[in-house]
Each structure stands twice: as structure tokens, then as C-alpha cells.
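Please read the structure below before turning to the comments.
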Amino acid sequence: MRRGTLKLNPVYFRYLLSYVLVLLIPAGLLGYNGTLQLNEIVNQYVEWTNKDMLSQLADSVDTKIIEMNRISARISSNPDLTPYAVTKDPFSAYQTKQLLDYKVSNDFIHEVLYYVRGHDTLYSSVSTYRTSAFINDIYRFHHWPEAAFREELNSIKKPTLRTAEDVTFVSATEERYVSYLLPIPMGSLNPYGTVLFLIKESSFLNYLKPDAFPRSGNIMIYDEKQRIVTSYQGAGHIKEEALYDSIQPKGDLFTVSKLEGEEYFVSRLTSELTGWTYVSVLPVDDIRKPFHTVVGKWTQTFLIILLIGSAAIYTALRYNYNPIKKLVQLAETHLGKTLSRTNELETVRTLIDRILLSNRELGQKWEKHRSALHEHLLFSMLKGEVESKEQLDESSREAGLSFAFDYASYGVFVVEAPESAGLSKQQLADAIVRLTKRGITVHNKESLESNQMIFLLSTDYTERQLGEWMAGWHIELYREYGIRLTCGVGRLQNELNQLGRSFIEASTAADYKFIKGAGQIIFFREVASEHASTLYDSSHNMEHLSYLLREGKTGQIAETLTHFTHKIKTGGTTLFVARCLCFDIIHTVMRTAEEMKQEFPEITGKFPDVITLMKFHTVEDLVDLITKACMDVCEAIQEHKGRSGESLIEQMIDYVCDRSDQYDFSVQSMAHHFSLSTSYVSRFFKEHTGQTISDYMNTIRINNAKRLLEESDDSIKEIVQRVGYFDTSSFIRKFKAEAGVTPGEYRKMMRKQAGQEAAD
């Protein structure tokens with residue numbers, strides 16, 4: 001096809017025919033049955049626009065009602081807003097103001113007030129009020145006396161709405177407000193508090209005036225009790241009293257009604273969520289006026305429309321056909337040949353077919369890749385490399401796995417089939433996964449052992465429920481295949497990085513088939529008592545080992561590992577306990593290395609995994625392997641220690657100095673900033689400065705306070721806030737301990753000294 005020309009191909013004629021029909025059919029129908037069709041169109045237009053407008057209005061108001069319910073739920077679930085927490089002291093009331101500031105991002109809500117039943121105080125994000133002062137002096141509701149106000153605050157047990165009413169403020173200004181009261185906790189038979197939302201009627205009216213909506217007529221909002229919450233009166237509206245007497249919130253969704261001698265379009269929409277009804281009333285004459293004008297001019301302009309339409313057809317045809325022409329050219333370019341032009345779309349279809357074929361091939365390759373990702377993720381979980389639920393979610397999406405429980409426990413069980421099973425491991429694994437139930441997710445990890453299968457699970461079951469499920473599939477497989485499987489089950493773990501320990505426990509439990517007999521489900525908890533004498537809590541030792549690794553202290557690490565070795569070899573330790581202890585050491589070293597991997601990339605990959613641990617049958621070989629890996633890491637860290645330690649302490653000191661005026665400073669936030677543990681940050685800081693972080697921060701604040709006492713006339717309370725303290729009495733006590741005098745005495749002493757120097 002040459003540039004600038006159009007060949008008369010089939011698609012071209014289809015476009016031509018479609019545009020001609022678009023022009024002639026509507027014109028012919030309107031000319032043939034104009035009045036009837038116009039009336040129907042007007043009714044449909046009004047019904048559709050009113051429905052759309054009322055739907056938007058209902059959605060907007062319902063969303064705000066739901067949001068207020070959610071705010072109430074968040075208040076009831078906030079431990080800092082319990083009756084005890086709010087009323088225990090003035091500081092708690094001060095904190096409550098910040099916690100109640102829900103209207104910052106919500107221009108619909110004018111004010112949120114929180115009331116603890118049995119008390120005489122209303123809490124808001126602005127202030128706290130005595131109940132009598134609030135209802136009588138600040139917000140004077142014209143139809144809500146104090147007695148009724150108190151009664152509703154203390155007695156409501158379900159959401160209560162007060163329709164729009166006049167309110168006079170202390171400044172003598174008046175405005176209309178809608179009040180919405182919610183008991184907390186919601187649904188409780190004995191609520192301990194009430195949340196009061198104040199909403200300006202104008203906030204509702206903002207939703208009642210969309211630009212596309214005619215300014216004539218009326219709109220009303222009725223609540224579920226058919227009370228009018230608020231209304232909008234446009235230009236030319238009918239009298240409100242007559243409207244309210246004639247219109248009911250129930251009835252047909254769209255009708256034409258006669259009110260005061262005139263016809264009105266009446267539309268109704270009831271929200272399924274709140275039960276509120278939204279009604280619009282529009283004058284028929286005002287709506288139909290533009291269409292009457294169109295009808296009068298229709299005959300005169302019909303020929304002009306035909307002429308303009310013909311020109312539009314030609315222009316649109318050229319414009320809309322051009323993309324098809326470009327698609328055909330693109331297809332021929334990619335296919336490398338000119339195809340038959342009997343149908344341009346056939347050329348494009350050929351290209352799409354080839355693209356789909358290529359995509360299928362890519363999809364097959366991706367499925368193979370996903371299988372590898374699947375296996376890699378399960379292996380990483382066994383090694384303890386997956387630390388958090390967020391990390392698991394991200395990796396599982398890529399691998400196509402599901403671990404869909406927010407509050408899950410994780411564990412491992414090992415299944416061994418007899419040599420004469422007659423089924424492959426994959427068939428048995430698929431059968432077990434197929435028998436999972438709601439509340440448990442199971443994934444099969446390939447094992448190098450010919451008759452062994454490894455399963456990782458996540459569940460919100462208790463151990464008893466887990467045992468019932470396992471007994472169920474164990475019996476089902478025996479009934480279906482005649483096979484009794486031996487199953488070792490490790491203990492459920494709350495932390496993802498402890499799945500390796502669960503695997504060690506499951507393997508140990510499976511080994512007990514020689515004692516308890518094959519073909520059974522053996523839980524590690526049933527055999528754990530035999531290891532109880534050699535189990536001990538190593539958490540403190542692991543924390544100490546992490547610290548030594550960070551510091552690169554080779555000698556002390558060697559002593560620590562020697563201690564572990566001695567404990568294993570001379571303490572009557574079983575191979576299971578030795579494996580668990582080695583797993584703890586590996587996990588500690590790997591976690592420490594992960595935190596420092598950007599600084600020490602060369603230490604990655606130096607550690608044995610949990611599968612390797614299970615291959616050792618002597619404690620000596622196991623301990624030697626772990627010791628060598630730890631010493632390799634220590635040597636790498638030692639090489640970098642000199643240049644990294646000084647830089648880190650300088651950053652920590654700068655961090656403390658920059659935040660010395662923040663009363664909410666904490667060591668935990670500092671540790672999070674540097675991506676280190678709290679204990680390590682505390683030890684590192686004291687080792688390099690000789691002071692704890694708290695003492696160092698206190699010294700900075702006291703020095704800043706001395707400078708302000710000497711140079712400014714600010715009050716003690718103002719200085720306390722400026723230097724980062726919250727409690728004045730605590731500041732005075734610490735200042736006196738540091739300077740030997742109180743802040744006031746220090747100011748007098750320094751000014752007297754300055755006066756003497758000036759006199760000299």
C-alpha cells in the first residue's frame with residue numbers, strides 16, 4: 001500500500017457501511033417516531049443520570065459512615081485508649097489528643113470525641129472538655145439538652161444518628177450539624193465508652209451538588225428510620241413542607257409524580273449497606289426544555305446534519321483506517337513478506353498467532369524455571385535463610401507457592417516409604433498434598449534419599465489438630481494403596497528461621513522407627529524426653545557469639561567454640577542435640593553475616609546447610625566443620641574491622657547529637673536505623689565511648705540546658721521541652737545530679753558571676 005492512498009479492501013467497506021448506518025439509522029428512527037422516542041430517551045436519560053448521581057452520593061456517604069465505624073473500631077482496639085489508659089493521669093489525656101486526630105486526613109468529619117462512660121470528660125484531638133461545658137457553652141445544640149446528651153452518651157448500645165440540627169458556638173455563630181454516636185466496643189452488651197462524630201451539614205451538601213446536576217429541584221437523604229438527615233434545595237425548588245408531605249422514601253425507584261400541579265421526576269435509591277434512602281425531585285419542564293428546542297429545529301437542520309455527517313464519515317474513515325494500515329505494515333515487516341490483502345486483519349492475525357506460539361514456548365520455559373525456584377525457596381527455608389513473613393511472601397509469589405496464613409506456625413515432617421511400596425515418591429507426595437485441608441498448607445521438598453520425602457507446612461492448627469489431620473491422611477493412604485508410611489514430625493515453630501531445627505527434629509523422630517516400629521506417625525515431642533538431659537538454652541551464648549563475630553575477635557570465638565565442643569563431647573550429648581546446637585551456631589553466624597553482607601561479601605556461602613548436618617554420624621566431624629566455617633568468617637571480618645569500627649561510632653555519635661532534643665528518642669529506634677540489634681548497639685557504643693547511650697544523651701541535654709539557662713530568659717518548662725525532656729521534675733533531678741545545683745540556682749549563680757565580671 002503506497003503512502004497517502006487507500007485501497008478499497010474489505011475492511012474499508014465495513015468501516016464505510018458502519019459509519020453510514022451510524023448516521024442514517026438514528027436519523028431515520030428519530031424522524032419516523034420522534035415524539036415517542038424523544039420522550040423515552042428523556043426518561044431514560046433522567047433515570048440514568050439520577051441513578052448515577054444518587055449512586056455516587058450513596059457510595060460517598062456510605063464510605064464515610066463505614067470509615068467512622070472503622071475509626072470507632074480502631075479506638076476500641078487501641079491499648080492506649082482503654083478507659084484505664086485514658087483516665088489514669090493528665091499525661092494520658094494529653095496523649096489521647098494525638099491518638100484521636102483522625103480528622104486530619106478526613107475533611108468530612110468536623111470533630112471526633114471519645115467518652116469513657118461513668119466519667120465527666122470528653123476527649124478530642126483538639127482538647128478535653130467537661131461534659132456540661134461542652135453541651136452548654138461550646139456546642140449548644142438547640143434540641144439536645146444536657147440531660148438527654150448525657151443519657152445517650154452513657155446508654156446507647158448500637159450506632160445512633162441525630163439528624164441535622166442547629167448548633168450555636170461560644171462565639172455566637174450558628175451552624176447545622178449531624179451527630180453520629182457509636183458504642184465501643186461495637187456490638188458489646190456492656191460498652192465502656194462512646195465515640196461521637198460531629199459532621200457539618202455542609203459536608204453532606206458538598207456531595208449533594210455535583211456540577212453535572214441541574215440546580216433546580218430538591219434532594220433529600222433519609223436514614224433507616226425514614227427521618228430526613230439533610231436536604232439540598234436548588235433554584236426553582238418546591239416548598240419544603242409540601243415536598244416532605246408528598247414524597248415518601250419508599251416506592252418505585254423512578255416515577256413521574258404530580259406535586260402542587262406540576263410534574264416532577266422522582267428518583268429513589270436505598271443503600272443496602274446503611275439502609276439510608278436518597279431521593280431526588282426534578283421539574284419535568286426544566287429537564288425537557290432543551291429537548292423541545294431540538295425537536296423544533298430538527299426538520300430545518302436535517303439536511304445540514306446529512307452534509308456534515310457525510311464529511312465526518314469520510315474524515316473518520318481515513319483516520320480510523322490508518323491504524324489498521326500501520327498494523328498490516330508492521331506485520332509484514334516482522335513476517336518478512338507481503339501477504340494477501342483480501343483481508344488486512346488476516347495478516348495481523350498471522351502475526352498474533354506467531355507471537356502466541358512464541359509466548360507458549362516462553363511459558364513452558366518459565367514453568368521449568370518456576371519449578372527450580374520452588375525447590376530453591378523450600379531449601380532456603382530449611383537452611384533458615386528466610387527470616388520474615390514479608391520475605392517469604394515476596395519469594396513465594398515468584399516461585400508460585402502459597403503460605404497464606406497471617407498468624408501461622410511452621411514445621412517439617414519427614415515421610416519414609418517401604419521399599420515395596422509400588423508407588424513413586426512423587427505419587428505419594430502428590431497424594432499427601434492432595435489430602436490437605438483448609439487451614440494448612442503443605443509443600444514437598446525433594447530428598448536425595450531414595451525412600452524419603454520432606455514436607456514443609458504452614459498452618460494455624462494447634463498440635464492436636466495437626467495430629468488429627470496427619471492421622472487422617474495416614475489412614476486414607478493405607479486404605480487406598482495398602483501402604484503404611486513412617487512419618488517423623490518436628491515441633492511447630494513460630495519463627496520461620498527455625499524450620500531447620502524442625503527438620504532435625506522430624507528426622508530424629510523418624511529414626512525412632514527402629515524402637516517404636518515402622519509404619520507409624522512419630523512426633524518429636526513423644527521422644528524429646530530422651531534428650532531433655534542434654535538440651536539447654538543457648539540463646540545468650542548465641543547473642544554473645546554474634547557480638548564476637550561482629551568485632552572479629554578470633555581468640556574469644558575460638559574459646560566459645562571450644563566451650564561448645566566440650567559441652568557436646570563430654571556432656572553426654574546425643575547426636576540430635578549436637579545437630580541442633582550446630583544449627584543454632586550456623587543460624588547465628590549466617591544472620592550476622594547477612595546483616596554485614598554488603599561490608600563482607602566474601603563470607604557468603606561458607607556455611608554447611610541443615611541437609612549437610614544430617615549426613616554426619618559422628619559429633620567430632622560435625623563440630624570440626626562448624627568450627628572451621630566460623631573461623632573463616634572471623635578472619636574475613638578481622639581484616640575489615642579497623643576501618644569500619646571508627647566510621648560506625650562517628651555515625652552513632654552524630655545520630656545521638658542530632659536527636660538529643662527529641663523526647664521520644666530510644667535505643668531501639670537507633671538500632672533499627674543502623675540495622676543492628678539493640679544489644680550490639682549498646683555494647684558497641686559503650687566500648688568506644690566509655691558511656692552508655694542514655695548517659696551520653698543525658699550529658700548532651702544537660703550541657704544544652706546550661707547554655708540556654710545562661711543565654712536566654714526562657715522558663716524552666718520551656719527549656720525542658722527544647723532540650724528533649726518531657727518531665728520537668730525528672731529534668732531538675734538529673735540536672736542537680738550533674739551540676740550540683742537546681743536549674744534556677746544555676747541561672748542565678750551564672751548571672752551573678754557575669755555581673756561581677758562586668759563590674760570588674
Side-chain angles (χ1 to χ4, degrees), residues 80 85 88-101 104 123-128 644-760:
D80 294 327
K88 65 179 179 180
D89 53 50
F91 175 63
S92 300
Y94 174 81
Q95 285 187 314
T96 301
K97 292 167 60 179
Q98 301 178 16
L99 297 172
L100 290 173
D101 199 5
V104 170
Y123 303 91
S124 79
S125 63
V126 178
S127 182
T128 57
S644 62
E646 183 177 353
S647 174
L648 180 58
I649 193 60
E650 290 174 355
Q651 294 177 33
M652 287 184 176
I653 291 174
D654 290 342
Y655 182 91
V656 173
C657 292
D658 291 343
R659 290 160 178 77
S660 62
D661 59 346
Q662 299 178 5
Y663 71 87
D664 58 348
F665 170 86
S666 67
V667 179
Q668 289 83 354
S669 62
M670 179 176 173
H672 179 72
H673 175 80
F674 288 100
S675 299
L676 299 170
S677 67
T678 304
S679 59
Y680 177 77
V681 168
S682 300
R683 285 197 301 269
F684 184 86
F685 192 91
K686 186 171 184 180
E687 183 177 297
H688 287 79
T689 64
Q691 288 183 286
T692 65
I693 297 175
S694 297
D695 291 343
Y696 195 89
M697 174 69 82
N698 186 62
T699 300
I700 294 174
R701 288 173 172 172
I702 296 300
N703 289 336
N704 289 339
K706 288 180 179 179
R707 178 177 54 79
L708 292 173
L709 287 169
E710 296 174 18
E711 299 175 358
S712 72
D713 294 325
D714 294 346
S715 66
I716 302 298
K717 185 175 181 180
E718 291 174 333
I719 290 175
V720 167
Q721 295 176 351
R722 288 180 62 182
V723 299
Y725 283 107
F726 184 79
D727 182 54
T728 304
S729 60
S730 175
F731 164 74
I732 294 174
R733 184 171 63 254
K734 291 180 179 179
F735 188 93
K736 187 173 182 180
E738 181 76 20
V741 293
T742 65
E745 293 171 345
Y746 180 83
R747 171 176 276 173
K748 292 178 182 178
M749 181 177 66
M750 296 308 294
R751 291 189 175 179
K752 182 178 180 181
Q753 181 179 341
Q756 291 176 350
E757 291 176 354
D760 294 341

- Message: Could you check whether any side-chain N or O of H672 sits under 3.5 Å from a backbone N or O of Q668, counting only pairs where one atom can act as donor and the other as acceptor?
- Response: no
Closest heavy-atom pair, G744 versus I716, reported as atoms and distance to 0.1 Å, is N-CD1, 4.4 Å
Residues pairing under side chain to side chain donor-acceptor pair (under 3.5 Å) where one sits in residues 700-710, two or more places apart or in two chains, turn out to be E710-Y746
Looking only at heavy atoms, the pair that brings K736 and T742 closest together is CD-CG2, 4.2 Å
Separation between CG (D661) and CE (M697), nearest 0.5 Å, reads 8.5 Å
Counting C-beta onward and ignoring hydrogens, is there a side-chain heavy-atom pair between V720 and F735 closer than 4.5 Å?
no
The reported gap from CD in Q721 to OG in S715 (rounded to nearest 0.5 angstrom) is 8.0 Å
d(S712 OG, R722 CZ) to nearest 0.5 Å is 6.0 Å
Q. Are the side chain of S730 and the backbone of D727 linked by a donor-acceptor contact shorter than 3.5 Å?
A. no
CD (E745) and CG (L709) are apart, to the nearest 0.5 Å, by 12.0 Å
- prompt: Around H673, counting heavy atoms of other residues, nucleotides and ligands shown, do more than 12 lie under 6.0 Å from its NE2?
  reply: yes
Taken to the nearest 0.5 Å, the spacing of M652 CE from I693 CD1 works out to 7.0 Å
Separation between OG1 (T692) and CG (D695), nearest 0.5 Å, reads 3.0 Å
P743 vs I719 side-chain heavy atoms within contact, under 4.5 Å = no
Tell me, with the steps shown, if V656 and M670 meet side chain to side chain contact (heavy atoms under 4.5 Å, CB included).
CA-CA 8 Å; V656 173; M670 179 176 173; 4.0 Å; yes
Using side-chain heavy atoms (C-beta onward) and a distance below 4.5 Å, is F685 in contact with V667? no
| Is the charged tip of R659 near the ring of Y655: under 6.0 Å from the six-membered ring centre and within 45° of its axis? | yes
Set out, in order, the CA-CA distance, both residues' side-chain angles and the distance that settles side chain to side chain contact (heavy atoms under 4.5 Å, CB included) for Y725 and K734, then state yes or no. CA-CA 10 Å; Y725 283 107; K734 291 180 179 179; 3.7 Å; yes
